[in-house]
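To keep things clear, I will list the structure first and then write my remarks on it.
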Amino acid sequence: MSQTSAIDELLTVMARLRAPDGCPWDREQDHRTLRWHAVEEVYELMDAIDAGDDQEMVEELGDLLLQVVFHCQMAKERGAFDFETATRQIVDKLIRRHPHVFGDSQVKTVDAVWAQWEQIKKAEKKGTRHERPSALDGIPKHLPALLRAEKLVKKARKAGLAGEAEKSKPAKAAVARQLFELAEYAQKRGWSAEALLRAESGKRERAWRKAERVKSAAAK
């Protein structure tokens, strides 16, 4: 008699929790009520990684896996997809986007790997409702404002839409201090630094997207 794998047991436990006679709390959840739980688990995993605590990492990775299994169980109940579908999709994606490992591509450097990855991803989504015609597409809207701003600037620079912010290059410690002081300044005046940066990022993104469209039209 073969031993049940831990992942199979987890899937069984999750299904039992969601059963009619299962846990009231688990049964009343849906994708929206759980979405921030996954975010919280990621942050807790980051804390464990930064602490170099393997025991905490194991626990937090398990908690994060639970979120995946939870969403897959709810989707299975809706007849949408299940854990096997999600797992198969990521396996296929990894093989497809690593032709330098599983195929004949000859890319060797990290930069070349990333460029190839983006090219494959763009081709995969072309003609679908997930197509990303803009170089600025693909940044999650719920990212923290500062992280989203960093990703937005990085994409804009790669696309030639944004140049260097300024000639001077302050030290890392000076930048950290300025960021903190700006947050402090905003807080003292009852403003949300998060909301202010998010609004400014939105304004910059709209301007860059407009410039991108103009650039694209001129090239035709």
Side-chain angles (χ1 to χ4, degrees), residues 25 29-68 70-71 90 110-111 113-115 117-118 121-122 125 130 132-216:
W25 184 89
Q29 302 311 309
D30 58 31
H31 294 296
R32 288 192 62 81
T33 62
L34 280 181
R35 69 194 195 284
W36 286 109
H37 287 264
V39 175
E40 183 179 346
E41 297 300 351
V42 170
Y43 284 134
E44 290 181 357
L45 174 60
M46 289 175 66
D47 286 346
I49 292 171
D50 287 346
D53 190 326
D54 287 340
Q55 185 174 345
E56 281 295 304
M57 279 183 62
V58 168
E59 181 175 347
E60 299 307 337
L61 284 168
D63 289 345
L64 188 55
L65 177 58
L66 172 60
Q67 294 302 309
V68 175
F70 209 147
H71 282 283
I90 189 57
V110 172
D111 286 344
V113 167
W114 274 113
W117 177 285
E118 289 297 324
K121 181 166 64 174
K122 187 174 183 179
K125 297 181 182 299
H130 302 294
R132 297 175 179 177
S134 170
L136 303 178
D137 289 340
I139 305 175
K141 65 180 182 180
H142 286 111
L143 280 178
L146 186 55
L147 181 55
R148 193 173 194 284
E150 290 176 347
K151 287 186 175 293
L152 184 61
V153 170
K154 183 178 181 180
K155 279 179 173 282
R157 284 182 177 160
K158 280 188 174 182
L161 298 170
E164 293 295 326
E166 58 178 65
K167 295 295 182 182
S168 62
K169 296 180 179 180
K172 187 185 295 186
V175 172
R177 184 174 62 253
Q178 289 168 12
L179 287 170
F180 188 88
E181 288 174 351
L182 286 171
E184 186 178 36
Y185 182 88
Q187 193 278 330
K188 285 181 178 178
R189 282 152 184 77
W191 305 333
S192 165
E194 176 82 6
L196 289 171
L197 181 55
R198 192 171 292 279
E200 181 63 22
S201 291
K203 184 164 61 175
R204 298 289 183 97
E205 182 176 359
R206 288 190 292 274
W208 283 333
R209 284 181 181 274
K210 182 177 179 180
E212 185 181 41
R213 290 193 294 271
V214 172
K215 184 178 178 181
S216 178

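Side chains are part of it too, since the values below use all heavy atoms of this structure and drop only hydrogens, waters and symmetry mates.
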Main-chain N/O of Trp25 paired to Gln29 side chain as donor or acceptor, under 3.5 Å: yes
Evaluation steps, side chain to side chain contact (heavy atoms under 4.5 Å, CB included), between Asp137 and Arg209: CA-CA 10 Å; Asp137 289 340; Arg209 284 181 181 274; 2.8 Å; yes
Glu44 and Glu40, any side-chain heavy atoms less than 4.5 Å apart: yes
Approximate separation, where rounding is to 0.5 Å, of Asp30 CG and Phe70 CZ: 9.5 Å
Polar side-chain atom of Arg157 near backbone of Lys154 as donor-acceptor pair, under 3.5 Å: no
Step-by-step salt bridge (Lys or Arg N to Asp or Glu O under 4.0 Å) determination, Glu118 to Lys121: CA-CA 5 Å; Glu118 289 297 324; Lys121 181 166 64 174; 3.4 Å; yes
Ala48 backbone acceptor or donor facing Glu60 side chain under 3.5 Å: no
Inter-residue atom distance Glu41.CD - Leu65.CG, 0.5 Å rounding: 11.0 Å
Side-chain donor or acceptor of Trp208 paired with backbone N/O of Leu161 under 3.5 Å: yes
Heavy-atom pair with the smallest gap, counting every atom of Ser134 and Glu212: OG-OE1, 2.6 Å
Rounded distance (nearest 0.5 Å) linking atom CG of Leu146 with atom CG of Leu197: 6.0 Å
Shortest non-hydrogen contact from Ala183 toward Ala193: CA-CB, 4.1 Å
Parallel, tilted or perpendicular, as decided by the 30° and 60° cut-offs, for the rings of His71 and His31: parallel
Criterion salt bridge (charged side-chain N to carboxylate O under 4.0 Å, His left out) against Arg148, the qualifying member of Glu194, Glu200, Glu205: Glu205
Side chain to side chain contact (heavy atoms under 4.5 Å, CB included) evaluation trace for Lys122 with Arg132: CA-CA 7 Å; Lys122 187 174 183 179; Arg132 297 175 179 177; over 6 Å; no
Neighbour count above 12 (heavy atom, 6.0 Å) for Arg204 CZ: no
Note, Lys172 side chain near Val175 side chain (heavy atom, < 4.5 Å): no
Atom CZ of Arg189 with >12 non-hydrogen neighbours under 6.0 angstrom: yes
Distance, nearest 0.5 Å, that separates CG of Leu152 from CG of Leu147: 11.0 Å
Between CG on residue Leu45 and CG on residue Leu61, distance to nearest 0.5 Å: 5.0 Å
Flag if over 12 foreign heavy atoms under 6.0 Å of CD, Glu181: yes
Arg35 side, atom CZ; Thr33 side, atom OG1 - distance, nearest 0.5 Å: 8.5 Å
